[in-house]
*Asks:* 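The structure follows.
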Amino acid sequence: MNFLPLKTQEDVDAAVRTSFEHPVLIFKHSSRCSISRTALDRFQRAADRAGKSLPSVYFVDVVDDRPVSMYIMEVTGVTHQSPQLLALSGGKSLYDGSHMSIYLDEAMASIQK
């Protein structure tokens with residue numbers, strides 16, 4: 001799976017703008033957390049099964065890029081968690097799941113309504 005990196009606030013703004021054209025997913029990951037690693041592995045397996053039907057998936061490492069992660073919270077209004085999956089459409093978060101409650105099928109359903 002190819003993640004699109006979020007390294008700057010401008011990257012986040014671009015991802016939000018993209019969500020007006022088509023839904024996007026944002027995965028927030030902590031490289032220091034075993035739960036985050038497990039959630040990321042589960043997400044990647046689900047994404048591989050979804051194949052080409054998956055929207056653009058953006059990725060931020062909350063340890064290396066904490067200001068970017070906090071900016072996502074500001075822009076979306078969704079309280080920061082890690083790990084966390086957000087589904088955006090029209091600039092709004094329609095789904096957020098965290099820790100072991102990250103479900104790709106629920107995120108996809110939220111943006112297909």
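For clarity, every value in this text was computed on a predicted model and none was experimentally measured.
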*Asks:* For Pro55, which of Leu25, Leu88, Val24 qualifies under side chain to side chain contact (heavy atoms under 4.5 Å, CB included)?
*Replies:* Leu25
*Asks:* Please list, chain by chain and in numerical order, all residues satisfying side-chain contact (heavy atoms from CB on, under 4.5 Å) with Asp48, sequence neighbours excluded.
*Replies:* Met1
*Asks:* How close do Ser19 and Gly91 get, heavy atom to heavy atom, and via which atoms?
*Replies:*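 Taking Ser19 first and Gly91 second, the nearest heavy atoms are OG-N, 2.8 Å.
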*Asks:* Give me each pair satisfying ring-ring contact (aromatic ring centres under 6.0 Å, His included) with a member in residues 59-84, each pair once, sequence neighbours excluded.
*Replies:* Phe3-Phe59, His29-Phe59
*Asks:* Hydrophobic cluster mates of Met73, side-chain heavy atoms under 4.5 angstrom, ILVMFWY only, any path?
*Replies:*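 Reading the cluster by chain and number, Met73 sits alongside Met70.
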*Asks:* Can a donor-acceptor pair be found, under 3.5 Å and without considering hydrogens, that links the side chain of Ser36 to the backbone of Ser82?
*Replies:* no
*Asks:* Check Leu6 against Val60 and note the closest heavy-atom contact, atom names and distance.
*Replies:* O-CG2, 3.6 Å
*Asks:* Scan residues 84-105 for pairs that pass side-chain hydrogen bond (donor to acceptor under 3.5 Å, both in side chains), counting only residues two or more places apart or in two chains.
*Replies:*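 Sorted result for residues 84-105: Lys28-Gln84.
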*Asks:* Hey, quick one: are Met108 and Val78 part of the same hydrophobic cluster, counting side-chain heavy atoms closer than 4.5 Å, chains of contacts allowed?
*Replies:* no
*Asks:* Is there a path from Leu4 to Phe43 through hydrophobic residues (I, L, V, M, F, W, Y) whose side chains come within less than 4.5 Å of each other?
*Replies:* no
*Asks:* Could you tell me whether the side chain of Ser69 and the main chain of Arg66 form a donor-acceptor pair under 3.5 Å?
*Replies:*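 Absent.
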*Asks:* Other than Met100, what residues sit in its cluster of Ile, Leu, Val, Met, Phe, Trp and Tyr side chains whose heavy atoms are under 4.5 Å apart, directly or through others?
*Replies:* Ile35
*Asks:* With sequence neighbours left out, write down each residue that passes ring-ring contact (aromatic ring centres under 6.0 Å, His included) with Tyr58, or none if nothing qualifies.
*Replies:*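 None.
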*Asks:* Return the CD to CG distance between Gln81 and Leu86, rounded to the nearest 0.5 Å.
*Replies:* 10.0 Å
*Asks:* If you look at every heavy atom in Val63 and Ser30, which pair is closest and at what distance?
*Replies:*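 Minimum heavy-atom contact is CG2-OG, 3.6 Å.
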*Asks:* List in chain and number order the residues that pass side chain to side chain donor-acceptor pair (under 3.5 Å) with Thr38, two or more places apart in sequence or in another chain; answer none if no residue qualifies.
*Replies:*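 So Thr38 forms no side chain to side chain donor-acceptor pair (under 3.5 Å) with any residue.
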*Asks:* With sequence neighbours left out, what residues match Arg37 under side chain to side chain donor-acceptor pair (under 3.5 Å)?
*Replies:* Asp41
*Asks:* Could you check Leu85 against Ile26 for side-chain contact (heavy atoms from CB on, under 4.5 Å), going step by step and ending with a plain yes or no?
*Replies:* CA-CA 6 Å; Leu85 179 66; Ile26 297 175; over 6 Å; no
*Asks:* Val16 and Val57: same hydrophobic cluster, using ILVMFWY side-chain contacts below 4.5 Å?
*Replies:* no
*Asks:* I'd like to know if Leu94 and Phe27 are part of one continuous hydrophobic network [Ile/Leu/Val/Met/Phe/Trp/Tyr, side-chain heavy atoms within less than 4.5 Å].
*Replies:* yes
*Asks:* Please list all pairs meeting salt bridge (Lys or Arg N to Asp or Glu O under 4.0 Å) that have one or both residues in residues 2-24, counting only residues at least two apart or in different chains.
*Replies:* Lys7-Asp65
